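Notes for the one structure printed next.
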Amino acid sequence: MAGLLGGSSSALLFASRGPASASSRRTSLASTNGQIFGRNLRKDFVGGLRKGRSHFRLSVANVATELSSVEQAENLAAKESQRPVFPFSAIVGQDEMKLCLLLNVIDPKIGGVMIMGDRGTGKSTTVRSLVDLLPEIKVVAGDPFNSDPSDPETMGMEVRDKILQGEKLPVLITKITMVDLPLGATEDRVCGTIDIEKALTEGVKAFEPGLLAKANRGILYVDEVNLLDDHLVDVLLDSAASGWNTVEREGISISHPARFILIGSGNPEEGELRPQLLDRFGMHAQVGTVKDAELRVKIVEERAKFDQNPKVFREAYRVEQEKLQNQISGARENLSSVQIDHDLRVKISRVCAELNVDGLRGDIVTNRSAKALAALKGREKVTAEDIAVVIPNCLRHRLRKDPLESIDSGLLVIEKFYEVFS
């Protein structure tokens, strides 16, 4: 773990890309049954819809309560049969990328990670290996938005109405979900649309949640994000800015929470990312190709062992995985008690101001990341060393581009840091 908290990345793991694991695609119970009805419908539909919605709510609660044990058995069976994921702790090098991912799991409000690097450097493998380390959260059973039973900011409107009426809702404990956003996804699939099946069979207008609903309180991963269509980029920008997704179509008017950790990866040679979206990523990690021959051989051998017998390979790293998972859980619990001195806050803002960083996102993200790193190390106070580790990743992508500048933007941030903090 000491190596994980080091500076720049120096090694990589090559792995073929594949679909996300079954556990990462898993959502809370009855995601397809938990439909949320549209509002602002014509008056002649209102009475019938209210009756239908009342009955529907009752059925969702009952099904969630009765099938909770069945769901756990199905999840266990799915976990046994799912495609094996390369262990996070087995990935060689790439300390910068791994640290950024861990800090976002500890504090999702950091705002996500943008990972840019050469092809075949293990970007997708590292992100998907994070699934095994994701902590468990409480969700309302049968709710398609993974609503938090105690936080109104991440509750769907249906759940909030039930709580205001004093209803007791069944609660499940499930792992944070990771949702893959394919490049070819349609806007309807991402945002959600009208439920055609319900419209044809029951004659009512109902909302069918999309990927943004599924990713609420979870992770939304976009591979090759710099190739994403502009209309999907606009959708992500709107949701990332407000934390809510609003759908207005076919007589449906609905808003639901969409607070997720946005993780993107891409190859800079394949195109630049729009600056509006780049600014929405809290941290930016750069990944390079390893040059050391011995290290390359070690990476190839580790990959060969995993391909030959994934179960045995994963079992060899089980203790390290559990240790890291416990460390993350402890850091999440202790995050609220971590303090950062006012003097350090002032110096962070001085660095941002002297680098001409637009806006205040750089200041906010650097403060949050430094506190998350201190919590990961088991301390309750942020030090200058913590800030030195995270500040290049927080500010590198926020600097104004100079076409004549040959120095890496991360080095410019480090130089300014030592100038201010000395």
Side-chain angles (χ1 to χ4, degrees), residues 1-13 15 17 20-21 23-24 85-117 121-135 137 175-181 215 217-225 240 259-266 278 280-288 317 320-321 323-332 335 365-366 368-377 386 389-394 396-397 410:
M1 194 62 209
L4 177 60
L5 302 177
S8 60
S9 58
S10 58
L12 67 148
L13 172 72
R17 294 194 183 112
S21 64
S23 62
S24 67
V85 178
F86 199 92
F88 187 87
S89 56
I91 295 174
V92 180
Q94 304 298 22
D95 294 338
E96 180 180 323
M97 172 171 56
K98 292 194 291 185
L99 180 61
C100 290
L101 291 171
L102 290 179
L103 295 183
N104 273 271
V105 173
I106 294 170
D107 185 2
K109 292 184 179 179
I110 288 174
V113 191
M114 178 64 209
I115 305 169
M116 296 295 281
T121 50
K123 300 184 294 293
S124 300
T125 300
T126 306
V127 173
R128 293 190 170 106
S129 68
L130 197 65
V131 170
D132 290 337
L133 304 178
L134 295 179
I137 55 174
K175 268 197 169 187
I176 290 177
T177 57
M178 179 180 290
V179 179
D180 274 271
L181 177 59
R217 302 181 65 207
I219 295 176
L220 184 65
Y221 175 49
V222 189
D223 195 10
E224 307 294 350
V225 65
R259 297 182 181 273
F260 46 79
I261 303 172
L262 182 60
I263 299 178
S265 62
L278 186 61
R280 292 295 176 185
F281 287 97
M283 306 183 78
H284 185 286
Q286 287 186 344
V287 182
Y317 284 91
E320 291 185 39
Q321 290 281 97
K323 182 180 178 182
L324 186 53
Q325 192 172 19
N326 293 334
Q327 190 175 3
I328 292 172
S329 299
R332 283 171 62 95
L335 181 63
V365 171
T366 305
R368 287 190 176 278
S369 301
K371 292 175 69 175
L373 179 57
L376 183 63
K377 291 181 177 181
D386 296 330
V389 172
V390 301
I391 198 169
N393 305 110
C394 299
R396 172 191 288 140
H397 57 301

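No experiment lies behind these values; they were computed from the predicted model shown.
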Tell me the closest heavy-atom pair linking [X] and [Y], and the distance in Å.
| X | Y | value |
| --- | --- | --- |
| Pro87 | Tyr317 | CB-CB, 4.1 Å |
| Lys98 | Ile91 | NZ-O, 3.0 Å |
| Asp223 | Ser265 | OD1-OG, 2.8 Å |
| Ser369 | Met283 | OG-SD, 3.8 Å |
| Glu96 | Gln286 | OE2-N, 3.0 Å |
| Val365 | Cys394 | CG1-SG, 3.7 Å |

Do [X] and [Y] have side chains that approach each other closer than 4.5 Å (heavy atoms only, starting at C-beta)?
| X | Y | result |
| --- | --- | --- |
| Leu101 | Ile263 | yes |
| Asn393 | Val113 | no |
| Ile176 | Arg217 | no |
| Phe88 | Asp132 | no |
| Thr121 | Gln94 | yes |
| Ile115 | Thr126 | no |

* Asked: Should His284 and Leu278 be marked as a side chain to side chain contact (heavy atoms under 4.5 Å, CB included) after you check the CA-CA gap, both sets of side-chain angles, and the distance that decides it?
  -> CA-CA 9 Å; His284 185 286; Leu278 186 61; 4.1 Å; yes
* Asked: When you look at Lys377 and Leu373, which way does the side chain to side chain contact (heavy atoms under 4.5 Å, CB included) test go after all the steps?
  -> CA-CA 6 Å; Lys377 291 181 177 181; Leu373 179 57; 4.0 Å; yes
* **Full working for side chain to side chain contact (heavy atoms under 4.5 Å, CB included) between Ile219 and Leu130** => CA-CA 10 Å; Ile219 295 176; Leu130 197 65; 4.1 Å; yes
* Set of residues satisfying side-chain contact (heavy atoms from CB on, under 4.5 Å) with respect to Ala374, sequence neighbours excluded ->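 Partners of Ala374 by the side-chain contact (heavy atoms from CB on, under 4.5 Å) criterion, ordered by chain and then number, come out as Val338, Arg379, Val382, Asp386.
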With no hydrogens and no angle check, is any side-chain donor or acceptor of [X] less than 3.5 Å from a backbone partner on [Y]?
| X | Y | result |
| --- | --- | --- |
| Arg332 | Val105 | yes |
| His397 | Phe281 | yes |
| Asn104 | Gly112 | yes |
| Asp107 | Leu103 | no |
| Gln321 | Ser89 | yes |

From [X] atom [atom1] to [Y] atom [atom2], the distance as rounded to the nearest 0.5 Å:
| X | Y | atom1 | atom2 | answer |
| --- | --- | --- | --- | --- |
| Asp180 | Leu220 | CG | CG | 8.5 Å |
| Thr177 | Leu134 | OG1 | CG | 8.5 Å |
| Gln327 | Glu320 | CD | CD | 12.0 Å |

* Step-by-step side chain to side chain contact (heavy atoms under 4.5 Å, CB included) determination, Lys323 to Asn326 -> CA-CA 5 Å; Lys323 182 180 178 182; Asn326 293 334; 5.7 Å; no
